[in-house]
Every structure is written in structure tokens, then in C-alpha cells.
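The next block holds one structure in the form of C-alpha cells; read it before the comments.
Below, chains carry the letters A, B, ... as their sequence lines are ordered, and counting in each starts from 1.
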Amino acid sequence: MGALEILNDKQTEAAKQIDGPVLILAGAGSGKTRVLTNRTAYMIEEAGISPWNILAITFTNKAADEMRQRIDDLVGFGAESIWVSTFHSMCVRILRRHIDLLGYDTNFSIYDTDDSKAVMKDVLKRLQIDPKQYPEKRFLNRISNCKNELSTPEDEAEEAAGDYADELFAKAYREYQDGLKKNNALDFDDLLMKTVELFKAFPEVLANYQNRFKYIMVDEYQDTNTAQFELIRLLAEANRNICVVGDDDQSIYKFRGANIRNILDFEKVYPDAKVVKLEQNYRSTQTILDAANAVISNNTGRKVKSLWTDRGEGRKIRFINADTAYEEAQDIVESICRAKREGKCTYRDNAVLYRTNAQSRILEEKCIMAGIPYSVVGGVNFYSRREIKDILAYLKTIDNARDDLAVRRIINVPKRGIGATTISKLDEYAQENGLGFYDCCVRAEDILGHGRAAEKIGEFVSLISVLRSKLEFISLEQLVDDILERTDYEEMLNQSDPDDAAERMENIGELINKVVAFEEANDEPTLSQFLEEVALVADIDNVDADTDAVMLMTLHSAKGLEFPNVYLSGMEDGLFPGYMSICSDDPGEIEEERRLCYVGITRAMDNLTISAARSRMIRGETQYNAVSRFVKEIPEDLFEGNLVKKGHTSSPQAAPVSLRTASASPSAHVIPQGGVKKPSVGVKKPFIARAAAFTDLKKGADIAAGSAPDYGPGDRVAHIKFGAGTVKALEKGPRDYQVTVDFDEAGTKKMFAAFAKLQKI
DNA sequence: CGTACTAGTCTTTTT
DNA sequence: GACTAGTACG
């Protein structure tokens with residue numbers, strides 16, 4: 001069978017080039033997944049390469065699954081022996097086999113950001129660093145950057161060269177690593193860094209993998225960081241059969257350490273690289289591509305590409321310039337409703353994209369009011385919800401009680417009368433004797449003496465050991481049920497927050513679904529395996545293609561996806577591009593935002609709608625923003641004729657879509673609860689609570705709307721708490737006015753005008 | 001030891 | 001405005 005028959009010339013060229021370094025510059029929608037899968041099929045079927053020697057690395061689990069599926073469909077057999085995985089899960093697999101060489105136990109746990117935060121808090125306490133002066137988040141961020149650059153605590157100490165703050169940081173970094181190691185844990189960044197460390201320190205281990213992975217492919221190469229680059233470089237060193245696919249114009253993860261130079265300089269690192277450009281786009285209309293090309297051409301230093309299509313011009317871009325964010329959301333929802341009503345699309349054909357997760361709220365509200373089903377991707381990660389973390393902590397404790405954090409999370413959840421003093425006593429003892437926290441719990445009586453505290457701890461320990469001993473005989477599903485039952489978890493939820501209890505139980509139900517699915521998918525499912533899988537999922541991995549619901553997600557989440565109808569919402573300077581990037585001295589920041597815009601535009605297949613609001617509430621205050629500079633970079637003739645004049649308030653054309661309310665329509669019957677709601681994708685809060693929140697928001701907006709400060713220096717004002725005072729200074733800050741007031745009673749205070757709510761007197 | 005309130009942070013994006 | 005962590009009090 002011809003693996004290459006459905007490819008165009010360029011794609012064929014890329015797929016057939018299997019020896020040596022290859023750079024495939026794949027513009028948006030140019031069929032790169034098709035190239036990768038067909039290339040793999042070609043390697044196996046035509047070139048006689050063993051699937052066992054192929055490694056394909058993707059960015060998300062979803063992409064990995066999709067790729068495996070598509071390879072499976074193409075080749076008759078052997079697809080299962082190809083390694084298709086994400087960077088992180090590949091590293092976990094390798095480390096599970098060899099990390100003992102680095103002095104860790106192979107059943108290490110993987111810490112998420114919350115866990116890391118807890119460890120860092122501990123470190124700060126131990127080093128007696130004032131968390132007000134050095135917030136743990138800043139340290140953690142910096143540590144993450146270091147790890148992405150493969151810089152160790154020792155490297156940092158050396159580089160600090162006497163600088164106090166830098167040395168303090170190096171020390172905290174060192175302590176943090178020790179803390180992780182003591183808990184036998186790795187954080188996300190460690191997974192990559194430790195694998196590189198392993199390969200460098202043990203060449204025979206590296207050789208083993210080099211020997212296996214003779215052909216390596218990396219997807220989304222523009223988003224790799226230095227650690228990932230190094231990992232690939234090491235693996236590919238022996239055979240030099242490395243094929244990377246990416247698009248420098250879609251590099252949007254700089255904040256996470258991605259280094260766009262990896263793709264831009266590929267040919268410098270591999271001078272013999274074969275470069276193939278894929279510029280034919282199979283996704284979008286020419287209008288959409290013209291818009292995308294126009295925007296991205298404002299960036300400098302890119303590999304010049306020009307996307308084209310033979311799909312024809314298509315419909316013009318629509319532009320909605322609404323007065324408020326509510327109207328904007330209303331217009332978008334209306335437009336989707338109308339298209340659906342006219343039978344032009346399914347709900348799922350529509351995606352509303354935005355820059356920040358917070359923007360999803362208003363859209364959700366409007367969807368609910370109109371009775372349209374929707375799914376929100378992202379936001380609060382499913383696995384970071386409190387109830388889910390609790391259950392997982394039980395599972396982790398049962399699986400590997402060396403994870404102190406997990407044990408401490410649940411030792412008093414639900415309440416067992418174990419308090420802070422008891423815990424810190426045990427902690428101290430553990431610290432002094434180099435023991436794990438759980439080990440100390442086991443010996444609580446020796447440490448605390450007879451008494452209520454020791455007794456309570458004893459009950460907890462026996463609960464865990466009973467559950468652990470059952471593990472051999474019962475399924476994971478039964479185990480979770482058992483945990484819930486023995487801890488009376490539901491009862492606790494009902495008592496502590498009755499409003500959310502039902503929703504939280506639903507989430508736990510969803511977790512159980514995942515447990516069941518996991519057990520069905522694996523021949524010999526183990527608890528450790530399950531926990532591992534769960535540690536490495538992204539929100540996008542949970543997007544269900546079968547649900548007919550409008551998709552709401554950030555631009556970042558949308559990468560790699562496509563939709564017939566795309567709504568780019570909140571296109572305002574200050575929001576997108578974000579305020580931070582506008583103010584930055586580094587022009588690269590705006591360029592990154594522009595790439596994000598490019599990604600957004602190129603998600604659209606047929607119809608693109610761009611929208612902006614003249615005013616919007618951000619962090620509780622109303623902002624008035626100009627239409628995004630990116631919109632102005634799109635040639636006007638690509639827009640629909642009735643382009644609204646900017647700055648013109650509430651003209652009748654402001655909303656191209658009829659504003660006849662949808663509430664009279666079938667909406668009322670279709671309350672989007674059960675069927676629509678995919679807890680894994682993160683739909684929150686029941687309908688009533690939302691509606692209430694909504695009216696509150698609106699009230700707030702009305703009050704705050706006209707409130708540019710009506711006072712100035714010298715004026716007398718009143719503050720709700722500080723009483724009367726005299727305004728000393730009023731300076732226009734970046735987001736808001738900063739006002740300095742000399743209060744009669746409370747002294748001089750500097751505050752944000754929007755928060756201070758000062759009354760002129 | 002547990003609860004209730006307060007203060008502070010957050011909003012860029014996430015494996 | 002919303003959420004969280006920390007603190008004061010019962």
C-alpha cells in the first residue's frame with residue numbers, strides 16, 4: 001500500500017527524507033500530522049525500519065494518542081512498538097528504570113505546582129527567609145527557569161559570585177532539591193533535567209537508548225526548551241536521524257522556557273540538515289490566511305513563509321465592536337445560536353477563544369442564558385481540585401507512603417482531631433532522625449507517648465494499612481469507593497460546604513470513571529501506574545470529540561486544533577496583547593503575543609469573527625481599552641462591509657447579529673447540566689449560583705463604570721475604613737490611578753483609586 | 001483543636 | 001471580584 005499517495009509534493013519530500021537531520025517547517029494547517037504519520041508508515045513499510053527503532057515525541061497526550069491512532073490505521077502491524085509519547089512521560093519511563101543510579105528510588109512521586117509550593121514554603125521557614133520579601137513563587141519560577149536551562153544549584157551558587165540575593169536563591173534551590181529528594185519526589189522540570197543528567201553521567205545507559213531510538217521525530221519543535229533540546233541532541237547523537245517538525249510562527253510558550261532559537265538555529269546545529277517548507281494550507285479560506293499572514297509579517301527574524309490555499313476566498317471576517325464585555329459575549333452567543341438554528345453548523349463547530357481564562361466566565365453565563373451547551377477547556381485543572389487532590393493523596397499514601405506531602409494533606413482530612421501541634425512534633429522528630437513523616441506516624445506512640453494524639457494517629461495508620469492490604473484483592477475502583485466510605489468523605493463535604501458538595505462528589509465520580517477507564521485499558525493495572533498517568537495530563541487531553549458543545553478555551557489551549565467557526569474575543573490592547581507585553585522593553589514580548597494571535601486566526605476553517613469590547617471589568621475594575629493593534633494589522637478589505645467605525649458608541653450596526661433575546665427560545669428546556677457537562681473539562685458551579693453571581697457582576701459594573709477619580713490633590717475625601725483625609729497626590733498608574741492620602745487618623749496611605757472607593761467630601 | 005474572619009494576591013499562558 | 005492562606009478567637 002502506498003503510504004505516500006495522499007500527500008502533496010512537498011509533503012512527500014518531507015516524508016521520504018528519513019536519513020539524517022530533517023527540519024520540516026510546517027505552517028499552520030499544512031498537514032504536518034499527516035506527514036509525520038505517513039513518514040512513519042513509509043519508514044516501516046517501504047524502508048523496512050523496525051517500528052521498535054522509532055521514537056515520536058509530541059507535546060500533549062492528546063497529540064500522542066492521535067498520532068498513534070493514525071499510525072495504527074496506516075500500518076498493518078507493529079505500530080504498538082513505536083514509542084509515541086510526550087517529553088514528560090518519556091522521561092518518566094526512562095527514569096523509572098534507571099533513576100536509582102542517581103540515588104532516587106524508582107517509585108518516585110511526581111510533584112505538581114501545589115506540592116512544589118509546599119516544599120518551598122518549608123524551605124523558606126527552615127532558612128528563615130521572610131516570605132514577604134521573597135515570595136516562594138518567585139523562587140519556584142526561577143528554579144523552573146534554571147532547570148529548563150539545565151542549571152544546577154551549584155551552577156547558580158557559582159554564578160552568584162557573592163551577590164547576596166543570588167546566593168540566597170542558590171541556597172534555597174539546593175534546599176528545595178534536598179527536600180524533594182527526601183520525599184523521593186521529582187517536580188515537572190526535574191523529569192527532563194534528571195533524564196539529561198542520567199544520560200550524561202551514564203553513557204552506557206544513553207548508548208542503550210541511542211541504540212534503540214535510531215529514528216527520532218519531534219513535533220511542535222518550536223516549543224522545546226533547552227533541556228528538551230539537549231535530551232534530543234543526546235539521543236540523536238549516535239545515529240543523527242532526527243526529524244523535527246514545527247513552525248516558528250507558532251512558538252507561544254516562551255514563558256515556560258521554550259526557546260525559539262531551537263528551531264531557528266536548527267540548521268546551525270545540524271549543517272547537513274535537509275529543510276522542507278510546507279506552505280500549502282488545507283484548513284482555511286484565503287481570506288483567513290491573508291489575515292494571518294498580514295499579522296505575522298509584522299514580526300522580525302522569522303523564517304519567511306507564506307501560506308496559500310486552493311480553497312478559495314471564502315467569507316469575509318466579521319468584526320464585533322461591542323460596548324461592554326457582556327454585549328460582546330451576547331453577540332457571540334447570538335451568532336452561534338443563529339448559525340445553529342439555520343442548520344449551518346453543530347455546536348461543536350464553534351470555538352470561542354480568549355487570552356485569559358478569566359474571560360470564560362461571561363461567555364459561560366451567556367451560554368447558560370441562551371441554553372447552549374458548552375465546554376470550558378482549562379481553567380482550574382481537574383486534578384488540582386481540592387476533593388480530587390484529597391482522594392489522590394489517599395491513593396498516593398496507600399501506594400507509597402514516602403510522599404510526606406500526600407500524607408500530611410490527608411492526615412486530618414476528614415477531621416480526625418489531629419492538630420498542628422501533633423503534626424509539628426512528628427515533623428520535628430522526622431527531621432531530627434532522618435525518617436519519613438509516615439514512618440513517624442507508625443511509631444507515634446514512641447514519639448508522643450500514650451495519649452489521645454497518639455491514639456488518633458494510630459487510627460489513621462491502621463486505616464491506611466487496612467486499605468493497603470486490600471489493594472491486592474480489590475480493584476482500584478473498589479479501593480476508591482472504600483476510601484470514600486471509610487472516611488465518610490461525602491458526609492464531610494456536606495458539612496463543610498453544602499453548596500458545593502454535590503458538585504465535588506460529581507468530580508469524584510468523574511475520577512472514578514477515569515479509574516475504571518484506566519483499568520479497562522490496561523491488562524495489569526497498578527495503582528502506581530494510575531497515579532503516574534494522572535500526574536501528567538493536561539486539560540486539553542480531556543477534550544471529548546463526541547460532545548456537541550461550543551468550545552471555550554484560551555488561545556494557548558487551541559493550538560493544534562481547528563474549527564469551522566472561530567470567535568477571537570477580547571481583542572483589545574491591554575488584554576491582547578496583554579498589558580505586560582505592551583509595557584515591556586523587550587519587543588520580543590509583543591512578538592510572542594502576535595504569534596499567539598496568528599495561532600488564533602489560523603484555527604479557523606471557514607468563518608472568523610473578531611470581537612472587542614470598549615469597556616470590560618478586569619480584576620474588579622472597569623477598563624476602557626482600544627481595539628487591539630493586531631486587528632489593525634489586518635487589511636480592512638478582508639472585513640465584512642459593515643465594519644463599525646471605531647470609537648462610535650452603540651451604533652445600530654455595532655452588533656451585526658440581531659439582539660433579539662434567545663431566552664424566549666428553546667433555551668429554558670436545555671439547561672446545560674448533565675449531558676453537556678464534562679466535569680473533566682471543567683464546567684463549574686450550578687446554574688443558580690452562576691446566575692446570582694452574574695447580577696452581582698452587573699451591579700458592580702454600573703457603579704464602577706463612571707468612576708475616574710473625581711477628586712484631586714488637596715481635596716478632602718472619606719475612606720470607608722480610614723475615615724477622612726486629604727489627597728496628597730494622584731498619579732496615573734499603568735492600570736489605575738494611584739492615590740496618596742494623608743488620613744487624619746490613620747496616617748498616610750498609598751492605594752489604588754478603584755479599590756479605595758474614596759468619596760469626595 | 002476547630003471555626004470565622006481578614007488580608008493579600010491574582011490574571012497571561014501549562015507539561 | 002474571587003479565591004486562598006493566615007490569624008485571632010472561641
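Residue A/Arg361 places its side chain closer to C/dA2 than to any other of B/dC1, B/dT14, C/dA2. Between B/dT11, B/dC1, B/dT12, one nucleotide has an atom nearer to the side chain of A/Thr421 than all others, and that is B/dC1. When each of B/dT15, B/dT12, B/dT11 is scored by its nearest atom to the side-chain atoms of A/Ala358, the top-ranked nucleotide is B/dT11.
The residue A/Lys117 sits apart from the nucleic acid: no heavy atom pair falls under 4.0 Å. At the heavy-atom level, A/Thr60 lies nowhere under 4.0 Å from the strands shown. A/Ser89 comes within 4.0 angstrom of no nucleic acid atom, judged by non-hydrogen atoms across all strands. Among the atoms of the strands shown, only primed sugar atoms or phosphate atoms (P, OP1, OP2) are found under 4.0 Å from some heavy atom of A/Phe59. At the heavy-atom level, A/Gly578 lies nowhere under 4.0 Å from the strands shown.
Atom CZ in A/Arg385 sits roughly 16 Å away from atom C1' in C/dT4 (whole-Å rounding). A/Asn141 places its CG atom 10 Å from the P atom of B/dC10, with the value rounded to the nearest Å. As rounded to whole Å, 18 Å separates atom P of B/dT11 from atom CD1 of A/Ile362. Between the CD atom of A/Glu532 and the P atom of B/dT15 there is a distance of 16 Å, given to the nearest Å. Residue A/Arg386 contributes atom CZ, which lies 17 Å from atom P of C/dA2 at whole-angstrom precision. A straight line from OH of A/Tyr354 to C1' of B/dT11 spans 13 Å, rounded to a whole angstrom. In this structure, CG of A/Leu596 is placed 10 Å from P of B/dT14, rounded to the nearest angstrom. The CG-P distance, from A/Asp114 to B/dT15, rounds to 14 Å in whole Å.
Using a distance-only test at 3.5 Å, with no hydrogens or angles considered, no donor-acceptor pair links the side chain of A/Ser584 to the main chain of A/Met580. Proximity of a side-chain donor or acceptor of A/Asn148 to a complementary backbone N or O of A/Arg256 within less than 3.5 Å is detected.
Remark: the separation of the P atoms in C/dT4 and B/dT13 is 15 Å, to the nearest Å.
The aromatic ring of A/Phe255 is stacked on the base of B/dT13, with the two ring centres less than 5.5 Å apart and the planes inclined by under 30°.
Between A/Lys62 and A/Glu66, at least one side-chain N (NZ, or NE/NH1/NH2) sits under 4.0 Å from a carboxylate O, which counts as a salt bridge. Under a 4.0 Å N-O distance rule, the pair A/Glu593/A/Arg355 qualifies as a salt bridge. A salt bridge is defined here as a Lys NZ or Arg NE, NH1 or NH2 lying under 4.0 Å from an Asp or Glu carboxylate O, and A/Arg408 with A/Asp404 fails to meet this definition. Using a 4.0 Å cut-off between charged nitrogen and carboxylate oxygen, A/Asp114 and A/Arg409 do not count as a salt-bridge pair.
Aromatic pair A/Tyr253/A/Phe59: ring centres closer than 6.0 Å.
Map A/His556 and A/Arg416 each onto its nearest nucleotide of DNA chain B; the residue landing nearer the 5' end is A/Arg416. Residue whose closest nucleotide on DNA chain B sits further toward the 5' end, between A/Lys415 and A/Val537: A/Lys415.
The side-chain heavy atoms of A/Ile582 and A/Ile590, taken from C-beta on, include a pair separated by under 4.5 Å.
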Taking only N/O atoms, report every protein-nucleotides 6-10 of chain C pair under 3.5 Å with atom names and distance.
from: C/dG6; atom 1: OP1; to: A/Lys121; atom 2: NZ; distance (Å): 3.4

**Q.** Bracket notation of DNA chain C in which parentheses pair within the strand, [ ] cross earlier pairs, and | pairs with another strand (Watson-Crick or G-U, under 3.5 Å)
**A.** ||||||||||
Show me the side-chain donor-acceptor pairs of residues 417-426 of chain A shorter than 3.5 Å, one per line, residues at least two apart or across chains.
from: A/Ser424; atom 1: OG; to: A/Ala420; atom 2: O; distance (Å): 3.1
from: A/Ser424; atom 1: OG; to: A/Thr421; atom 2: O; distance (Å): 3.1

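Other residues, nucleotides and ligands contribute only 12 or fewer heavy atoms inside 6.0 Å of the CZ atom of A/Arg452.
Side-chain N/O atoms of A/Arg355 and base N/O atoms of B/dT11 include no donor-acceptor pair closer than 3.5 Å.
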